[in-house]
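Report on one structure; see the data block that follows.
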Amino acid sequence: MDVFDNVKKQVNKAGTIMGLDQEEKSLVLNPKRMLNVNFPVRMDSGKIRRFNGFRIQFNDARGPTKGGIRFHPDVDMGEVKSLAFWMTIKNAVADIPYGGAKGGVEVNPKDLSSAELERLSREYIKAIHEFIGPTKDIPAPDVYTNPQIMAWMTDEFEKIKGGHLPGVITGKPIELGGSRGRGIATAQGGAYVLRKYAEENDLDPNGICVAIQGFGNAGSFMAKILYEWGYNILAVSDSKGGIIDREGLDIPDLIKHKQKTGKVHGFANSKEITNEGLLESETDILVPAALENQITEKNAGNIKADLIVELANGPTTPEADEILNKKDITVIPDVLANAGGVTVSYFEWVQNNYGYYWTEEEVLKKLEAVMVSAYKNVKKTASENDTYLRNGAFILAIDRVLEAERLRGNI
Ligand code: GLU
């Protein structure tokens, strides 16, 4: 199945409400540039292995394209294209001056040594360097990539160009021009939106149960933040499976356990649960924070949560959206809920361009303002169009992208 089919259906839904014509729809759905690169990496054994990589710059009407790089064995053109499209929508929803892009390498980084991972990261940049840059296209971390990988990539880019250009990549370590707050930003942004939603709906965190699928950067920080705010985190999972404890998991201890053993399984007093079981568990809030296509027409009918906060990109299919809507389950969509990551990436780029750096307090204050304003605008657009939040977000974003295209004379 091509994930991009989901994108087309999402655009069709919003487009029907907005009355988009064929020309507008085609402009919105066609990427500006798609790179497919194949490059050699010397393995520790001395042998050369070739890797397949992608970078898709979807739309740059609102600014340089922006989006992460994913290292995953299942990465393909259709996935990267969808993720690049969602970045375009996300950046427009957050109203930050960027277009959308995404990159990926078809690799399981867990199979590589640290030296091999470094060589792979550098070779990928060598293969795409002509097409990226602080005013063109700005990569960042995504699934299975991290600040160290961003550091190698930035270093490689600077060596090729000659000079310091920290604004080429975000999500860097602080020492190399990274922003304070970038590590927690995706989760923190989602948490700010949830806090606003809770305020509006008189939800008291105490006694509210949360299940989180995925315990990577987004999922584990979300667990930590919500635990500190008094929510009952009853279940979490990672790629090896999940755990549940109806009394609530001790998240700081669980984070230590995961760091030590590499998995959430085996945590004291918890019962094992499958990833599917986690999605259908008796919980108030469900946070998908892993990969695409997790909530589908097959399991959407069994979801018991009242609220879904999407920290992953594309976790819910368009068919599932309709089922959830009929069941009166509110979905805070990915393009809003996880926009905190790219928002602090934007702050990092601004700081790099200035050469002047902010405190974490300043970053988080600015992040909250962006997230709350995006949430209000999405909600307003959805209610004006008598539809659910994802359609609201798409309408708002497509409108902004098309307006920029019009002003440029492209339509
Ligand atoms: N990979 C993240 C996302 O999907 C962050 C992108 C960025 O910071 O540019 O939003």
Side-chain angles (χ1 to χ4, degrees), residues 3 7 54-60 62-72 75 79-105 128 132-134 136-147 149-151 153-154 166-173 177-190 193 214 216-219 221-222 288-292 309-315 332-352 363 366-367 370-371 374 393 397:
V3 198
V7 168
F54 306 91
R55 184 75 189 167
I56 298 186
Q57 298 165 345
F58 209 100
N59 186 292
D60 66 351
R62 291 175 37 88
T65 52
K66 179 92 190 82
I69 295 167
R70 174 173 297 200
F71 285 178
H72 195 279
V75 160
E79 183 189 44
V80 179
K81 194 168 141 188
S82 308
L83 292 163
F85 172 82
W86 288 323
M87 286 307 306
T88 307
I89 297 291
K90 192 188 301 187
N91 292 332
V93 163
D95 207 8
I96 51 184
Y98 285 142
K102 203 81 172 198
V105 178
I128 67 164
I132 63 170
K136 284 198 237 174
D137 178 22
I138 305 136
D142 194 71
V143 172
Y144 294 161
T145 52
N146 57 34
I149 292 173
M150 298 306 114
M153 289 182 170
T154 305
V168 64
I169 284 173
T170 60
K172 301 177 294 295
S179 177
R180 294 192 164 73
R182 178 62 185 88
I184 56 166
T186 306
Q188 189 72 61
V193 173
N217 171 281
F221 278 123
M222 189 66 160
L291 294 168
E292 303 91 62
V309 182
E310 296 182 337
L311 286 191
N313 288 309
I332 302 184
D334 50 2
V335 291
L336 167 64
N338 73 29
V342 71
T343 299
V344 177
S345 273
Y346 164 56
F347 296 158
E348 179 171 332
W349 178 78
V350 169
Q351 293 168 81
N352 293 151
V363 169
K366 288 182 167 72
L367 172 64
V370 169
M371 296 307 296

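Counting convention: from 1, in listed order, for ligands and their atoms alike. Remember, predicted model here, so these are calculated numbers, not experimental data.
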Could you walk me through whether Arg182 and Ser345 pass side-chain hydrogen bond (donor to acceptor under 3.5 Å, both in side chains), step by step?
CA-CA 7 Å; Arg182 178 62 185 88; Ser345 273; 2.9 Å; yes
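For ligand 1, the 4.0 Å heavy-atom shell takes in Lys66, Gly67, Gly68, Met87, Lys90, Lys102, Ala140, Pro141, Asp142, Arg182, Asn313, Gly341, Val342, Ser345, ordered by chain and residue number.
Checking side-chain atoms of Asn91 against main-chain N and O of Gly99 turns up a donor-acceptor pair under 3.5 Å. A donor-acceptor pair is defined here as one N or O able to donate and one able to accept, closer than 3.5 Å; such a pair exists between the side chain of Asn338 and the backbone of Leu311. Side chain of Asp334 to backbone of Pro315: no donor-acceptor contact under 3.5 angstrom is found.
Look at Lys136 and Asp60 and you find no salt bridge, because none of the NZ, NE, NH1 or NH2 atoms lies under 4.0 Å from a carboxylate O.
Taking the six-membered ring where the residue is Trp, Tyr346 and Tyr98 present perpendicular rings, their angle passing 60° and hence far from 30°.
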